[in-house]
Amino acid sequence: MLRRRDELQKLIEMNINPYAYEFPRTAFSQDIFRSFDDSAPPQTVAVAGRIMSIRRMGKASFCHIQDSKGKIQIYLKKDDLGKMYDAFKLMDIGDIIGVHGFVFRTKMGEISVHAQRLELLAKSLRPLPVVKEKIDEHGNRIVYDPFSDKELRYRQRYVDLIVNPEVRQVFIKRAKIISTIRKFCDERGYLEVETPVLQPLYGGASARPFITHHNALDIDLYLRIADELYLKRLIVGGFDGVYEISKDFRNEGMDRTHNPEFTMMEIYVAYKDYMWMMTFVEELLSTVANEVNGTMKVTVGSNEVDFTPPWRRLTMYDAIREFTGKSLEGKNEKELREIADELGLEVDQTVGIGAIIDEIFSEKVEPFLIQPTIITDYPIEMSPLAKKHRFKPGLVERFEVIVNGKELCNAFSELNDPLDQRARFEEQMKLRARGDEEAHVLDEDYLRALEYGMPPTAGLGIGIDRLTMILTNQESIRDVILFPQMKPER
RNA sequence: GAGCGUGUAGCUCAGGGGUAGAGCAUCUGCCUUUUAAGCAGAGGGUCGAUGGUUCGAUUCCAUCCACGCUCACCA
């Protein structure tokens with residue numbers, strides 16, 4: 001750092017502004033490679049980027065600069081640059097430069113830019129973790145001593161992005177996923193809306209909220225745990241389809257698949273039911289997979305996941321029967337506990353039928369569903385916002401999409417009977433009174449909205465972070481969130 | 001929240017009760033087509049923090065902090 005300060009001072013003394021105002025770039029690295037032609041006259045370009053390596057040989061040097069699309073080699077000669085070549089001697093890996101020059105091919109065959117003019121655009125004062133690499137005879141990129149410390153990578157994501165180009169690709173894909181979802185929904189006429197992040201009551205999911213305080217009103221507000229209840233209010237208001245892609249916040253543990261703030265896409269479509277939504281989500285996710293990776297198939301860890309529709313659909317009971325040989329249909333709580341016991345599962349004594357079934361499913365079925373699978377018809381106890389099944393008592397019209405052993409989407413035929421909804425909320429309040437901090441809160445205004453009448457509606461939620469994990473083959477949510485939550489540095 | 005593990009130079013890592021090591025990076029010199037450039041030389045560390053044991057601790061012990069993995073929790 002001190003040395004670089006000295007260099008900075010010397011550059012200033014040479015009458016060079018180390019922090020330029022702009023640079024008239026005409027080309028990116030990759031575009032130059034694409035358009036290069038050995039037989040054509042040399043093309044003049046202006047490129048800019050960060051110096052990533054330097055090879056000095058007295059009165060001539062090579063360096064690689066990195067721009068947003070890749071790297072390109074620059075050849076600098078004292079004969080061509082004069083005073084600026086001396087300035088170049090004061091430049092380091094990490095500095096951002098602009099180069100005017102012509103494109104040529106070196107003796108070693110690398111397409112490079114022969115610098116005719118050099119400008120310093122930003123002097124770097126902090127040494128970059130230098131990653132050396134070479135391409136072996138098979139064309140594989142070998143990286144020596146990569147910048148791999150996860151704590152540093154997450155805390156200083158800017159450095160991670162500079163040094164680890166594959167990280168950049170993950171976030172480019174993430175943006176593509178979101179823009180594809182948006183385009184897909186817009187094309188079908190659904191309206192993108194924004195609903196409150198700060199809510200006087202939180203709802204739409206089972207989770208503990210973050211609480212904050214509004215000074216002027218002197219009231220506590222909650223950061224939303226879901227968008228659901230506000231979006232359905234908009235269906236009451238007469239929109240045919242509304243969707244929102246936004247951050248939700250849940251005040252719970254963090255691990256490989258959970259970050260306290262995460263991105264959710266929710267969509268509600270009037271006059272549709274969950275059967276319609278199954279086809280919708282198949283089309284949506286297969287389109288997204290195809291747009292992002294150019295194929296419906298994606299490698300996730302040691303599995304290959306194929307999003308080509310149609311996906312397998314089976315009921316939760318059938319899935320449990322298939323994977324455990326046990327039939328849960330019509331069983332009472334005592335019988336279910338016995339079955340759970342036989343399967344070697346420990347189920348808390350206080351929980352009800354729904355939770356026992358959910359436990360069996362989560363442990364014995366879900367992890368083994370690798371290909372996209374639609375699991376339908378969940379126990380009513382777990383789903384206070386879903387409509388009762390039209391002919392299966394005790395169940396609701398709900399489905400989840402399981403991919404690579406994890407829940408990716410959750411959808412229902414939305415409950416639009418205000419009296420039933422009130423009864424369900426009251427059940428939740430009883431759970432809350434018994435100490436379940438994650439039980440839903442009764443929302444009088446939401447009930448009032450339903451009392452005005454909500455058309456039959458299908459709703460869907462997709463965890464964008466988890467979707468990104470699958471489509472980019474990342475095993476931690478922290479690798480698909482630019483700035484994941486960390487404890488403060490001390 | 002629990003268990004296990006990690007923390008040493010800018011980065012990646014060795015080491016080990018007696019004042020600290022490598023490669024790359026950095027600095028100096030040579031080098032006008034190099035590419036993990038090369039050659040010769042040099043500098044760089046509160047060994048995560050705080051206590052304890054010891055003549056002596058970076059090393060052993062305890063506590064704390066941060067991170068990772070697994071589990072628990074979690075739609």
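Naming: A, B, ... by sequence-line order, numbering from 1 per chain.
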Pairs under 3.5 Å (N/O, protein and nucleotides 22-27 of chain B):
residue : atom : partner  : partner atom : Å
B/G23   : N2   : A/Asp145 : OD2          : 2.9
B/C24   : O3'  : A/Lys132 : NZ           : 3.2
B/A25   : OP1  : A/Lys132 : NZ           : 2.8
B/U26   : O2'  : A/Arg3   : NH1          : 2.8
B/C27   : OP1  : A/Glu7   : OE2          : 2.9
B/C27   : O4'  : A/Arg3   : NE           : 3.4

Roughly how far, to the nearest 0.5 Å, is the CG atom of A/Leu284 from the CE atom of A/Met265? 6.0 Å
Let me confirm one number: the OG-CD distance from A/Ser383 to A/Glu400, rounded to the nearest 0.5 Å. 8.0 Å
Please classify the nucleic acid contact of A/Ser206 as base, sugar-phosphate, or nothing, using heavy-atom distances under 4.0 Å. sugar-phosphate
Test item: side-chain donor near acceptor, [X] and [Y], under 3.5 Å:
X: A/Ser206; Y: A/His440; result: yes
X: A/Glu133; Y: A/His64; result: no
X: A/Asp80; Y: A/Tyr75; result: no
X: A/Thr315; Y: A/Asp318; result: yes
X: A/Ser61; Y: A/Arg55; result: no

Ion pair [X]/[Y], N-O distance below 4.0 Å:
X: A/Arg233; Y: A/Asp443; answer: yes
X: A/Asp145; Y: A/Lys132; answer: no
X: A/Lys83; Y: A/Asp86; answer: no
X: A/Glu7; Y: A/Lys123; answer: yes
X: A/Arg432; Y: A/Glu437; answer: no

Which residue lies toward the 5' end of RNA chain B, A/Ala207 or A/Arg256, if each is placed at its nearest nucleotide? A/Arg256
Mapping A/Gln485 and A/Asn410 to their closest nucleotides on RNA chain B, which lands nearer the 5' end? A/Gln485
What is the distance, to the nearest angstrom, from the CD atom on A/Glu252 to the P atom on B/C73? 12 Å
Taking atom P of B/G68 as reference, at what distance in whole Å does atom CD of A/Gln474 sit? 15 Å
Residues A/Ala226 and A/Asp248: closest non-hydrogen pair is CA-OD2, 3.4 Å
Tell me which residues in residues 358-368 of chain A put a heavy atom below 4.0 Å from RNA chain B, sorted by number, or none. none
Of residues 57-81 of chain A, the positions that come close to RNA chain B - non-hydrogen atoms, cut-off under 4.0 Å: A/Met57, A/Gly58, A/Lys59, A/Ala60, A/Phe62, A/His64, A/Gln73, A/Tyr75, A/Lys77, A/Asp79
Run through RNA chain B and report every stem of 3 or more consecutive Watson-Crick or G-U pairs, distances under 3.5 Å, ordered by first number. B:1-7 with B:65-71, B:10-13 with B:21-24, B:26-30 with B:38-42, B:48-52 with B:60-64
With A/Arg313, which residues qualify under side-chain contact (heavy atoms from CB on, under 4.5 Å), at least two apart? A/Met275, A/Met278, A/Thr279, A/Glu282, A/Ile374
Contact list (N/O, under 3.5 angstrom) for nucleotides 4-8 of chain B vs protein:
none

Where the side chain of A/Arg478 is defined as all heavy atoms beyond and including C-beta, which of B/C67, B/A36, B/U70 is the nearest nucleotide? B/C67
Quick note, A/Asp255 side chain, CB onward, closest among B/A36, B/U34, B/A72 is B/A72
The single option from A/Ile181, A/Ile178, A/Val403 that satisfies side-chain contact (heavy atoms from CB on, under 4.5 Å) with A/Leu467 is A/Ile181
Would you call the rings of A/Tyr85 and A/Phe88 parallel, tilted or perpendicular, taking 30° and 60° as the class edges? tilted
